[in-house]
Amino acid sequence: MVDRTIRLGIIGLSSAESWAARAHVPALKAITGYEIAALSTSNIDSAAKAAKTFDVPAFFDNPVQLAKHPDVDVVVVAVKVPHHRELVTAALDAGKPVYCEWPLGNGRQDAEAMAALSRDADVTGFVGLQGRASPALRYIRDLVKAGHIGDVVSTTLVGSAGAWGATIDPRLVYGLDRKNGVSMLTVQFGHTIDGLCWCLGEFSEISATLATRFPMVKRTDTGEMVPKTIDDQIAVGGILQNGAVASVHYRSGSSSVANFLWEINGTEGDLVITSNQGRLQYSDFRIQHGPGKGGKLADMVVPEAYKLVHTCAPTDMFYTLAHAYTLMHKDIVNGTSHVPRFSDALVRHKMIESIETASSTGSRQAYL
């Protein structure tokens with residue numbers, strides 16, 4: 001890889017509690033090849049404070065100015081979803097490649113508009129479906145592609161979001177309203193189903209049941225009961241394009257039994273993937289292989305070649321994001337295509353919309 005430092009301008013790097021501060025900054029500190037050249041927040045005072053905290057030379061309260069700054073090579077959008085389209089547009093209009101957190105937009109129409117703008121401007125849009133950068137998931141995908149378990153016959157996944165149940169953390173309250181585009185369906189499930197489809201292929205048809213089992217939830221800080229309009233139980237089933245049958249149940253809260261259990265059943269064996277927590281985008285997975293016909297499961301170790309970052313651990317929340325940044329550097333410098341683009345995000349947005357339609361109509365849907 002060519003030795004080149006990519007200068008980032010991060011929109012949304014504010015307080016220590018911001019997602020950019022909790023995930024992007026430590027991910028970037030764990031690797032080389034980047035520097036944070038500028039940041040932007042909603043007001044100049046918070047921007048100045050953040051610039052001092054994170055030792056960033058340029059700061060703005062205007063994202064357009066950040067995008068046009070000559071010292072910014074790539075714009076990172078790490079703010080609440082309803083603002084993604086406006087900020088991504090500013091970056092693309094300035095001719096700057098952009099990395100936008102997932103969900104790309106507040107619904108399919110936003111995603112379509114941004115994907116079209118990126119395509120028409122011929123400026124790359126990367127999306128934060130960072131589960132695809134996970135060493136474990138990349139290994140699983142390669143095992144399947146190499147025919148390690150033969151042809152895939154079926155797959156079953158059960159996962160827990162770790163949130164969105166009977167209680168709610170104050171910083172997640174805005175996600176209780178489906179109008180804001182941040183929910184268990186779009187975020188935790190969205191990351192998880194993207195990983196499944198990346199490894200095994202897309203659905204040719206899909207059925208779904210969505211339900212809200214906790215319509216009123218308690219804030220963990222004040223004890224106040226607040227309404228929830230998002231779904232907290234997601235059951236999806238269907239046929240993959242390769243003919244395999246798929247079943248996924250994703251639920252709120254945590255389980256005493258299994259927070260993540262994924263079986264991939266093939267004609268010549270099985271893969272069993274487990275984790276203590278159900279968020280695929282930053283889970284530390286245990287991978288086991290079974291020869292089929294009731295054979296004993298054996299652990300499989302992810303080969304070192306898949307591990308691109310050695311200064312943090314798989315248990316760190318930002319581990320896969322550090323890998324995503326490493327792969328994005330390769331994409332920018334070498335012209336490769338490791339990190340998902342806006343077109344990939346659009347497929348996932350279409351899928352989520354089809355899941356909602358399948359649940360509301362009771363009929364199977366296709367999204368490709």
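If you read the sequence from its start, that first residue is 1, and numbering goes on from there.
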Worked check of side-chain contact (heavy atoms from CB on, under 4.5 Å) between L271 and M300
CA-CA 10 Å; L271 291 175; M300 302 188 72; 4.0 Å; yes

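- Among V153, D151, V144, V152, the one residue that satisfies the side-chain contact (heavy atoms from CB on, under 4.5 Å) test with N242 is V152.
- Both F60 and L92 are assigned to one and the same hydrophobic cluster, defined by single-linkage of ILVMFWY side chains at heavy-atom distances under 4.5 Å.
- At a threshold of 4.5 Å between non-hydrogen side-chain atoms, the residues H323 and Q130 do not count as touching.
- Taking every heavy atom of both residues into account, A20 and G12 meet most closely at CB-O, 3.8 Å.
- Residues V248 and I193 meet the side-chain proximity criterion, which asks for heavy atoms closer than 4.5 Å.
- Closest of all the heavy-atom pairs between L39 and L13 is CD1-O, 3.9 Å.
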Starting from the C-alpha separation in whole Å, work towards a yes-or-no answer on side-chain hydrogen bond (donor to acceptor under 3.5 Å, both in side chains) for T41 and S46.
CA-CA 7 Å; T41 69; S46 67; 2.6 Å; yes

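- Neither F189 nor L346 shares a network with the other; the hydrophobic side chains, linked directly or stepwise wherever heavy atoms of I, L, V, M, F, W or Y lie under 4.5 Å apart, form separate groups for each.
- A side-chain donor-acceptor contact under 3.5 Å links T229 to the backbone of R178.
- In this structure the side chain of R22 reaches within 4.5 angstrom of the side chain of M317, judged on heavy atoms.
- Within the structure, salt bridge (charged side-chain N to carboxylate O under 4.0 Å, His left out) contacts touching residues 79-96 (residues at least two apart or in different chains) are R85-D110.
- Looking only at distances, no side-chain donor or acceptor of D284 sits under 3.5 Å from a matching main-chain atom of S275.
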side-chain contact (heavy atoms from CB on, under 4.5 Å) between Q277 and F260, worked out:
CA-CA 6 Å; Q277 57 101 354; F260 190 91; over 6 Å; no

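- Both V56 and F59 are members of a single hydrophobic cluster when ILVMFWY side chains are connected at heavy-atom separations under 4.5 Å.
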When you look at H289 and H148, which way does the side-chain contact (heavy atoms from CB on, under 4.5 Å) test go after all the steps?
CA-CA 9 Å; H289 172 255; H148 193 75; 3.6 Å; yes

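- Counting only residues at least two apart or in different chains, ring-ring contact (aromatic ring centres under 6.0 Å, His included) contacts with residues 111-139 comprise Y139-Y306.
- Sorted by first then second residue, the side chain to side chain donor-acceptor pair (under 3.5 Å) pairs that include residues 113-123, not counting sequence neighbours, number zero.
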Can you give the donor-acceptor pairs under 3.5 Å from side chains of residues 158-166 to other protein atoms, not counting sequence neighbours?
| from | atom 1 | to | atom 2 | distance (Å) |
| --- | --- | --- | --- | --- |
| S160 | OG | R251 | NE | 2.9 |
| S160 | OG | R251 | NH2 | 3.4 |
| S160 | OG | N259 | OD1 | 3.1 |
| W164 | NE1 | Q188 | OE1 | 3.0 |

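- Residues S255 and A258 share a closest heavy-atom pair of OG-N, 3.2 Å.
- Side-chain contact between T155 and L200 is present, with heavy atoms from C-beta onward closer than 4.5 Å.
- Atom OH of residue Y34 and atom CD1 of residue I31 lie 5.5 Å apart, to the nearest 0.5 angstrom.
- Ring-centre distance between Y325 and H24: below the 6.0 Å cut-off.
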Set out, in order, the CA-CA distance, both residues' side-chain angles and the distance that settles side-chain contact (heavy atoms from CB on, under 4.5 Å) for V217 and T167, then state yes or no.
CA-CA 5 Å; V217 299; T167 61; 6.0 Å; no

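- Counting heavy atoms from C-beta on, the side chains of I239 and F203 never come closer than 4.5 Å.
- When every heavy atom of A115 is checked against every heavy atom of F342, the shortest pair comes out as CA-CB, 4.0 Å.
- Checking side-chain atoms of D177 against main-chain N and O of K179 turns up a donor-acceptor pair under 3.5 Å.
- Distance check, rounded to the nearest 0.5 Å: OG1 of T361 to CD of E356 gives 11.5 Å.
- In this structure, CG on D221 lies 12.0 Å from CZ on R171, to the nearest 0.5 angstrom.
- Checked by atom type and distance alone, the side chain of S154 never pairs as donor or acceptor with a backbone atom of N265 at under 3.5 Å.
- Closest approach of S354 to I206, counting heavy atoms only: CB-CG2, 4.4 Å.
- Within 6.0 Å of the NZ atom in K307, the count of heavy atoms belonging to other residues, nucleotides or ligands exceeds 12.
- Cluster membership check: V79 shares its hydrophobic cluster with L66, using side-chain heavy-atom separations under 4.5 Å among Ile, Leu, Val, Met, Phe, Trp and Tyr.
- Of the possible donor and acceptor atoms, one in the side chain of R141 sits under 3.5 Å from a partner among the backbone N and O of W198.
- The structure places CG of D169 at 4.5 Å from OG1 of T220, a figure rounded to the nearest 0.5 Å.
- The six-membered or imidazole ring of H349 lies near that of W102, with a centre-to-centre distance under 6.0 Å.
- In this structure the side chain of K29 never reaches within 4.5 angstrom of the side chain of F318, judged on heavy atoms.
- A heavy-atom distance below 4.5 Å is not found between the side chains of Y99 and V77.
- Judged purely by atom type and a 3.5 angstrom limit, S134 uses its side chain to pair as donor or acceptor with the backbone of L137.
- Within a 6.0 Å radius of CD in Q241, other residues, nucleotides and ligands contribute more than 12 heavy atoms.
- Listed by first then second residue, pairs satisfying side chain to side chain donor-acceptor pair (under 3.5 Å) with a partner in residues 200-210 read E202-R348, E202-Y367, E205-R364, not counting sequence neighbours.
- Counting only residues at least two apart or in different chains, side chain to side chain donor-acceptor pair (under 3.5 Å) contacts with residues 51-72 comprise R7-D71.
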Go through the steps for D231 and R213 under the test salt bridge (charged side-chain N to carboxylate O under 4.0 Å, His left out), then give the verdict.
CA-CA 8 Å; D231 304 296; R213 299 292 292 142; over 6 Å; no

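- Between F54 and A21, the closest heavy-atom pair is CZ-CB, 3.6 Å.
- By the rule that hydrophobic residues join a cluster once side-chain heavy atoms approach within less than 4.5 Å of another member, V75 and I10 end up as members of separate clusters.
- Using a 4.5 Å heavy-atom threshold, the side chains of L196 and W262 count as touching.
- The closest donor-acceptor contact from the side chain of S183 to the backbone of I230 lies at 3.5 Å or more, if one exists at all.
- Distance check: R138 CZ to R132 CZ gives 13.0 Å after rounding to the nearest 0.5 Å.
- Between atom CG of residue D232 and atom OG1 of residue T212 there is a gap of 5.5 Å, rounded to the nearest 0.5 Å.
- Using a distance-only test at 3.5 Å, with no hydrogens or angles considered, a donor-acceptor pair links the side chain of T311 to the main chain of A30.
- Between the side chain of T320 and the backbone N or O of Q281, at least one donor-acceptor pair lies under 3.5 Å.
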